[in-house]
Amino acid sequence: MNIRKSTDLDFNNVLSLWYQNMDTLFRPFQQELHTHLAEGKYFIVEEDNEIIGFASYKQMPRKKCIRIIHFCIAAAHRSKGCGRILLKALLDDISQLDINHDEFPVQAECILGLPNNEFWLKEGHEVSRRVLEKSGKTILTVQIGE
């Protein structure tokens, strides 16, 4: 298994994996995705030269957090340690940011009941819930870290 930063050459493979995993991801904004991949803002997980996962994070100054976004492991590769390794790569990169880490906790958000919820819970992260007013969907906010 190999983890690396993305390039623009990853676009079609990541987009394909994205659509295969729409149960855990929202519809991608393709131009934004292409730009972010080209800029190396995504971490790519490969096995035997095949992309099996990807993730990114975003600093959110107004919400005072760093949000992990688009965390995805292909269904056939889940529960094999890939997600844990990908999360570690993200956290290692985040730890290098020139910010006050006490003031900007690392978080992830997902909709209650989706397959990726189990990953965050199994890893032992603190989870809180909130209900979206317009849709009535329950969102889990996952606090990641020590």
Side-chain angles (χ1 to χ4, degrees), residues 1-6 10-11 13-47 50-146:
M1 186 178 336
N2 178 45
I3 296 185
R4 63 173 174 78
K5 292 285 191 124
S6 62
D10 295 316
F11 180 72
N13 292 327
V14 167
L15 192 61
S16 175
L17 184 56
W18 192 307
Y19 281 117
Q20 292 169 30
N21 291 278
M22 288 298 288
D23 59 338
T24 62
L25 300 167
F26 297 103
R27 183 169 295 281
F29 295 101
Q30 291 187 20
Q31 183 56 46
E32 180 182 351
L33 176 63
H34 194 272
T35 300
H36 288 176
L37 286 167
E39 292 173 351
K41 292 184 178 178
Y42 276 77
F43 287 78
I44 302 294
V45 183
E46 292 178 312
E47 190 170 83
E50 175 189 353
I51 294 176
I52 62 168
F54 59 89
S56 188
Y57 65 86
K58 181 178 184 178
Q59 290 181 287
M60 303 187 73
R62 291 179 65 207
K63 295 189 179 199
K64 293 208 107 178
C65 71
I66 296 172
R67 179 82 35 88
I68 293 179
I69 55 174
H70 307 147
F71 194 91
C72 176
I73 300 293
H77 296 275
R78 293 180 191 158
S79 297
K80 297 179 179 179
C82 301
R84 186 176 297 122
I85 292 168
L86 178 57
L87 180 58
K88 183 181 180 330
L90 287 174
L91 294 176
D92 287 348
D93 201 65
I94 290 168
S95 73
Q96 302 301 312
L97 296 176
D98 187 23
I99 60 168
N100 182 333
H101 292 278
D102 292 329
E103 292 180 16
F104 284 85
V106 180
Q107 299 178 340
E109 283 192 342
C110 47
I111 297 173
L112 180 66
L114 295 181
N116 58 346
N117 295 173
E118 289 301 313
F119 171 76
W120 303 112
L121 297 171
K122 186 172 71 176
E123 291 297 310
H125 299 293
E126 182 182 326
V127 177
S128 61
R129 298 172 187 225
R130 66 184 167 92
V131 177
L132 298 178
E133 281 185 34
K134 291 184 180 181
S135 68
K137 291 181 179 176
T138 300
I139 301 292
L140 300 179
T141 301
V142 182
Q143 300 293 332
I144 300 165
E146 294 88 49

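Counting heavy atoms from C-beta outward, Ile66 and Ile144 have side chains that stay 4.5 Å or more apart. In this structure, the side chains of Ile73 and Phe119 stay at 4.5 Å or more apart for every pair of heavy atoms. Within the 4.5 Å cutoff, the side chain of His70 has heavy atoms near those of the Trp18 side chain. Contact annotation: the side chain of Leu97 approaches that of Ile94 to within less than 4.5 Å [non-hydrogen atoms, C-beta and beyond].
In plain terms, the two heavy atoms of His36 and Tyr42 that are nearest each other are CB-CE1, 3.6 Å. Pro105 and Gln143 make their closest contact through CB-OE1, 3.9 Å (heavy atoms, listed as atom of the first residue, atom of the second, distance). Counting all heavy atoms, side chain and backbone alike, Ile44 lies closest to Lys5 at CG1-C, 4.5 Å. Shortest non-hydrogen contact noted between Leu86 and Cys72 is CD2-O, 4.3 Å. Summarising the geometry of Ala108 relative to Trp120, their closest heavy-atom pair is CB-CZ2, 3.9 Å, with the distance given to 0.1 Å.
For Lys122, the side-chain contact (heavy atoms from CB on, under 4.5 Å) partners two or more places apart in sequence, or in a different chain, are Ser79. By the salt bridge (Lys or Arg N to Asp or Glu O under 4.0 Å) test, Arg4 pairs with Asp10, Glu46, sequence neighbours left out. Checked against side-chain contact (heavy atoms from CB on, under 4.5 Å), Lys134 has no partners two or more places apart in sequence or in another chain. Partners of Phe11 under the side-chain contact (heavy atoms from CB on, under 4.5 Å) rule, at least two apart in sequence or in another chain, are Leu15, Gln30, Leu33, His34, Leu37. In this view, Ala89 and Ile3, Phe43 satisfy the side-chain contact (heavy atoms from CB on, under 4.5 Å) rule, not counting sequence neighbours.
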Cut-off 3.5 Å, no hydrogens considered: what does the side-chain donor-acceptor table look like for residues 50-61, sequence neighbours left out?
residue, atom, partner, partner atom, Å
Ser56, OG, Lys41, O, 2.6
Tyr57, OH, Asp93, OD2, 2.5

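Listed for the Ser16 side chain is no donor-acceptor partner under 3.5 Å among the backbone atoms of Asn13.
Residue Glu32 holds its CD atom at 8.0 Å from OG1 of Thr35, rounded to the nearest 0.5 Å.
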| task | Verify side-chain contact (heavy atoms from CB on, under 4.5 Å) between Ile85 and Val45, making sure each step is shown before the conclusion. | result | CA-CA 9 Å; Ile85 292 168; Val45 183; over 6 Å; no
